[in-house]
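One structure is given here, and the rest of the page talks about it.
Fair warning: this is a prediction, and the values are worked out from it, not measured in the lab. Values reported hereafter were calculated over all heavy atoms of this structure, with side chains retained and with hydrogens, waters and symmetry mates removed. Chain A is the first sequence line, chain B the second, and so forth, proteins listed ahead of strands; every chain is numbered from 1.
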Amino acid sequence: MRLSKAHLKTLREAPSDAVLESHKLLVRANMIKQESAGIYMFPKLGWRTVRKVEQIVREEMDYIDCQEIHMPHVNPAELWQETGRWYAYGPELWRIQDRAGNDFILNPTCEEMFTDFARKEYSSYKELPFSIYQIQFKYRDEARPRYGLLRTREFIMKDAYTFDATEEDLHTAYMRQYHAYEKIFTRCGLDFRIVEADNGPIGGSKSHEFSALSDWGESDILYCDNCGMAATAERAETRDEKQAPEEMKEMELVKTPDCKTIEDVCAFLKIPTAKSIKALMFRTYDDEMQPKDYVAAFVRGDRQLNMTKLVNALNIPAHNIEFADEVEMGAATGIVGGFTGPMGLKNCIIVVDSELVDTVNMCAGANQEDHHMLGVCYGRDYTGDIVTDIKELQEGDACPHCGQPVKFRRGIEVGQVFKLGLKYSESMGATYKDENGKDHPYWMGCYGIGVTRTMQAIVEQHHDDKGIIWPMSVAPYHVIITVVKTADEDQMKLAYDIEKKLEDAGLEVILDDRDERPGVKFNDADLIGIPIRITVGKLAGEGKVEYKLRRDAELETLTADEAVDKAIALWSEEKDGRHLYKNLSEETLNAH
RNA sequence: CGGGAUGUAGCGCAGCUUGGUAGCGCAUCUGACUGGGGGUCAGGAGGCCGUAGGUUCAAAUCCUAUCAUCCCGACCA
């Protein structure tokens with residue numbers, strides 16, 4: 001590709017609304033361009049990298065015998081009503097109507113379509129197991145798109161679905177995808193971590209998230225170096241802390257004026273926050289968004305409530321709950337805002353963190369203005385309608401498995417795998433016949449990769465102050481030939497010669513033959529992040545060039561042929577990213 | 001959806017307080033010089049100042065509404 005005949009409009013300054021370095025660089029390098037909030041177009045270079053990532057995904061899916069198909073982006077509402085997700089998915093589901101007023105959606109994910117496909121196209125145990133996938137644009141009407149490609153309303157996703165006869169077979173299918181994902185993200189050059197994750201609205205029993213480590217990720221990861229535990233904050237179990245045994249005291253009402261927070265109260269009463277009970281009040285709604293229940297949740301004063309766990313405990317969709325109006329809720333249930341305790345409440349669901357069950361002599365709100373209660377004991381003074389783990393694991397807390405302090409990092413969720421179990425096959429009647437002609441629902445799994453998000457995650461991990469540093473496997477081009485002075489015939493002749501040799505060998509080459517100052521060309525080459533740069537300059541008359549890798553500073557003067565050979569050798573080594581497999585386990589490498 | 005901010009040329013910004021002919025840098029076009037890390041000089045083109053109302057002799061500037069975009073939060077297979 002010759003730049004004199006192509007369009008490459010790099011920007012010296014990033015748009016002011018970009019926050020992340022990766023976002024700024026992708027825009028400046030002319031690889032993405034925003035059309036509206038969370039909607040992007042991809043100019044030539046960006047689109048090439050998108051397709052490189054897709055190709056890696058495709059190769060690894062094909063390797064595990066997953067079959068590529070393509071579903072329409074527009075789905076009839078009926079399928080979504082059949083599984084109930086028409087309501088359960090909430091406002092993020094992008095709904096549209098046709099001219100006759102029929103409801104459709106733009107698919108955010110495709111469990112319904114693939115399950116529907118399975119029940120129509122497949123019928124016999126002889127056809128099992130099977131797995132199918134697609135790579136297509138997905139749509140989610142996000143309340144707040146942000147951070148470039150990390151959270152968009154239109155994005156490219158690979159979604160795969162597996163169908164098996166038994167739970168054991170599902171596990172096999174799940175692990176195949178899991179291992180394929182390890183290879184995919186490794187080949188993309190990502191530094192990632194695999195963590196246990198919550199299933200969320202997709203449902204099912206087990207899930208892992210593949211998270212590219214980054215301080216800017218939206219995924220909170222807690223992990224333990226001692227035992228290998230790793231989970232998202234939403235999912236991470238906690239260990240209930242035992243308190244030193246003590247005699248139960250009588251409850252005692254104390255005045256706590258002007259104490260608005262747990263810290264205020266505990267400071268005023270001179271007790272540790274771990275001896276207090278924190279209250280959080282909620283209102284739940286039904287599928288038609290009509291008010292349903294009041295909920296009062298209680299955790300130890302020094303803990304944080306985990307909303308995902310609460311929502312799971314209540315068995316409702318996450319968007320069907322919000323903080324309650326305390327005045328309104330007080331009238332119905334007896335709570336008093338700022339002084340809410342678990343005693344004597346009515347007309348509400350009381351959810352108590354399991355850790356509180358063994359505590360005695362706690363401090364809790366007295367449900368009276370300006371008063372708290374001391375000596376509060378579980379069982380004697382209050383009980384929960386639901387008692388379970390609803391607290392958040394935080395950095396430094398005891399690992400739920402081994403008790404060592406856990407560590408914290410952020411990550412960009414680039415992929416997630418789910419064991420769905422029978423959820424969709426049963427609700428949609430997707431069954432196969434066994435040897436005796438008897439019907440059984442499929443054991444299903446689903447597996448997603450955010451392709452466009454992965455692209456930005458790669459930039460987030462591979463850049464410097466000059467620009468992007470693409471790994472060879474996803475670089476839009478492998479080599480850029482920078483001609484210092486295009487008016488010089490020797491230079492142009494040598495550059496064309498190198499271009500031809502590289503392209504004949506299969507490399508993708510940019511020839512920067514623009515009539516620009518060399519500084520402009522060098523800066524552009526750095527910005528767009530092409531892995532290998534060959535500079536043709538004043539030594540062209542002697543047949544010599546400079547060879548430089550984007551990722552390091554070293555500059556070598558070589559003959560043109562040496563440079564060509566060197567570029568081809570490096571490209572052969574790194575073009576598909578498999579040279580990075582050295583970091584993977586035998587189990588992963590052998591998984592097929 | 002709650003809180004905050006911003007909309008002026010492709011990008012980055014000034015002008016608004018105190019109303020009076022719409023400006024700067026980069027990019028772009030012409031020409032010349034230049035040629036190893038975002039050049040120099042000269043000349044040119046490009047804007048319904050987000051949109052709609054209002055106040056005023058006069059509005060980018062003041063008022064109201066609305067839309068859009070971004071940030072924090074909530075939410076997020």
Among the candidates [options], find the nucleotide nearest to the side-chain atoms of [X].
X: A:A143; options: B:C70, B:A74, B:G35; result: B:A74
X: A:E13; options: B:G12, B:G37, B:C75; result: B:G12
X: A:R533; options: B:G37, B:A27, B:G38; result: B:G37
X: A:A318; options: B:G39, B:C76, B:C70; result: B:C76
X: A:R144; options: B:G39, B:C72, B:G37; result: B:C72
X: A:N523; options: B:C76, B:U69, B:G38; result: B:G38
X: A:R146; options: B:C70, B:C75, B:G35; result: B:C75
X: A:E516; options: B:U28, B:G39, B:G38; result: B:U28
X: A:L11; options: B:G39, B:C11, B:C72; result: B:C11

Would A:R95 and A:W86 count as a cation-pi pair here, with the cationic atom under 6.0 angstrom from the ring centre and within 45° of the axis? yes
Paired nucleotide for [N] [Watson-Crick or G-U wobble; both distances under 3.5 Å]:
N: B:A14; result: none
N: B:A22; result: none
N: B:C62; result: B:G54
N: B:A27; result: none
N: B:U40; result: B:A32
N: B:G73; result: B:C1
N: B:C48; result: none

Whole angstrom is fine here: how far is it from [atom1] in [X] over to [atom2] in [N]?
X: A:R550; N: B:G37; atom1: CZ; atom2: P; result: 17 Å
X: A:L150; N: B:C70; atom1: CG; atom2: P; result: 13 Å
X: A:D220; N: B:A74; atom1: CG; atom2: C1'; result: 15 Å
X: A:N30; N: B:C26; atom1: CG; atom2: P; result: 21 Å
X: A:F323; N: B:G73; atom1: CZ; atom2: C1'; result: 10 Å
X: A:Q416; N: B:C76; atom1: CD; atom2: P; result: 13 Å
X: A:D524; N: B:C26; atom1: CG; atom2: P; result: 17 Å
X: A:I321; N: B:C76; atom1: CD1; atom2: C1'; result: 16 Å

Any side-chain donor near an acceptor of the partner, A:T83 and A:E112, under 3.5 Å: yes
By the 4.0 Å heavy-atom rule, please label [X] as base, sugar-phosphate, or nothing.
X: A:K538; answer: base
X: A:A18; answer: nothing
X: A:V19; answer: sugar-phosphate
X: A:G537; answer: base
X: A:E413; answer: base

Look at the rings of A:Y447 and A:Y174 and say which category their plane angle falls in: under 30° parallel, 30 to 60° tilted, over 60° perpendicular. tilted
Can you label the angle between the A:W216 ring and the A:Y147 ring as parallel, tilted or perpendicular, going by 30° and 60°? perpendicular
Want to settle it: does A:S16 or A:F522 sit nearer the 5' end of RNA chain B, counting the closest nucleotide to each? A:S16
Could you pick out which residue, A:K485 or A:P317, lies toward the 5' side of RNA chain B when each is mapped onto its nearest nucleotide? A:K485
Does a distance-only test, which skips hydrogens and angles, find a donor-acceptor pair under 3.5 Å between the side chain of [X] and the base of [N]?
X: A:D17; N: B:G12; answer: no
X: A:R12; N: B:G10; answer: no
X: A:D488; N: B:G35; answer: no

Quick check on the 6.0 Å ring-centre criterion: do [X] and [Y] meet it?
X: A:Y178; Y: A:F210; result: yes
X: A:Y161; Y: A:Y133; result: no
X: A:F163; Y: A:F117; result: no

Look at A:Y89 and B:C75 and indicate whether a side-chain polar atom (N or O) is within less than 4.0 Å of OP1 or OP2. no
Less than 4.0 angstrom between a side-chain N/O of A:Q34 and OP1 or OP2 of B:C70, yes or no? yes
For residues 38-47 of chain A, please give each side-chain donor-acceptor pair under 3.5 Å, one per line with the distance, not counting sequence neighbours.
| from | atom 1 | to | atom 2 | distance (Å) |
| --- | --- | --- | --- | --- |
| A:Y40 | OH | A:H23 | NE2 | 3.4 |
| A:Y40 | OH | A:Q34 | OE1 | 3.2 |

